[in-house]
Amino acid sequence: MTISKMGTSVVGFDHYHANNARRLNDGTKYYVGDHFVTNLRERVMPKVLAAEKEEYQKIINKHKEV
């Protein structure tokens, strides 16, 4: 995991590749970014939240049984 100075992280990339991904996503003063990371996060967020809800519900149900 690479952690930037702003506190955000890009999992699965070393420093070099994380910076390249950031530039491609956000763009620079020389070219416009295509926002692939942002678009992917928005597209998968409902699935992530549903999976988290399911796991949290298991924990809650486990504590109710005790």
May I ask you to list the residues sharing a hydrophobic cluster with Ile59, side-chain cutoff 4.5 Å, ordered by chain and number? Tyr56
Other residues, nucleotides and ligands only: do more than 12 of their heavy atoms fall within 6.0 Å of OH on Tyr31? yes
Residues in side-chain contact (heavy atoms from CB on, under 4.5 Å) with Glu42, at least two apart? Thr38, Asn39
His17: what forms a side-chain hydrogen bond (donor to acceptor under 3.5 Å, both in side chains) with it, not counting sequence neighbours? Asp14
Spacing of CD1 belonging to Ile60 relative to NZ belonging to Lys53, to within rounding of 0.5 Å: 10.0 Å
Please enumerate all residues that pass side-chain hydrogen bond (donor to acceptor under 3.5 Å, both in side chains) together with Lys58, with sequence neighbours excluded. Glu55
Excluding sequence neighbours, so at least two apart, what forms side-chain contact (heavy atoms from CB on, under 4.5 Å) with Asp34? Phe36
Does any donor atom in the side chain of Asn20 or Arg23 lie under 3.5 Å from an acceptor atom in the other side chain? yes
Run the numbers on Asn25 and Arg22 for side chain to side chain contact (heavy atoms under 4.5 Å, CB included), then give the verdict. CA-CA 5 Å; Asn25 186 64; Arg22 180 185 49 79; 5.8 Å; no
With sequence neighbours left out, what residues match Glu52 under salt bridge (charged side-chain N to carboxylate O under 4.0 Å, His left out)? none
Cluster overlap Val32 with Leu24, hydrophobic side-chain contacts below 4.5 Å: no
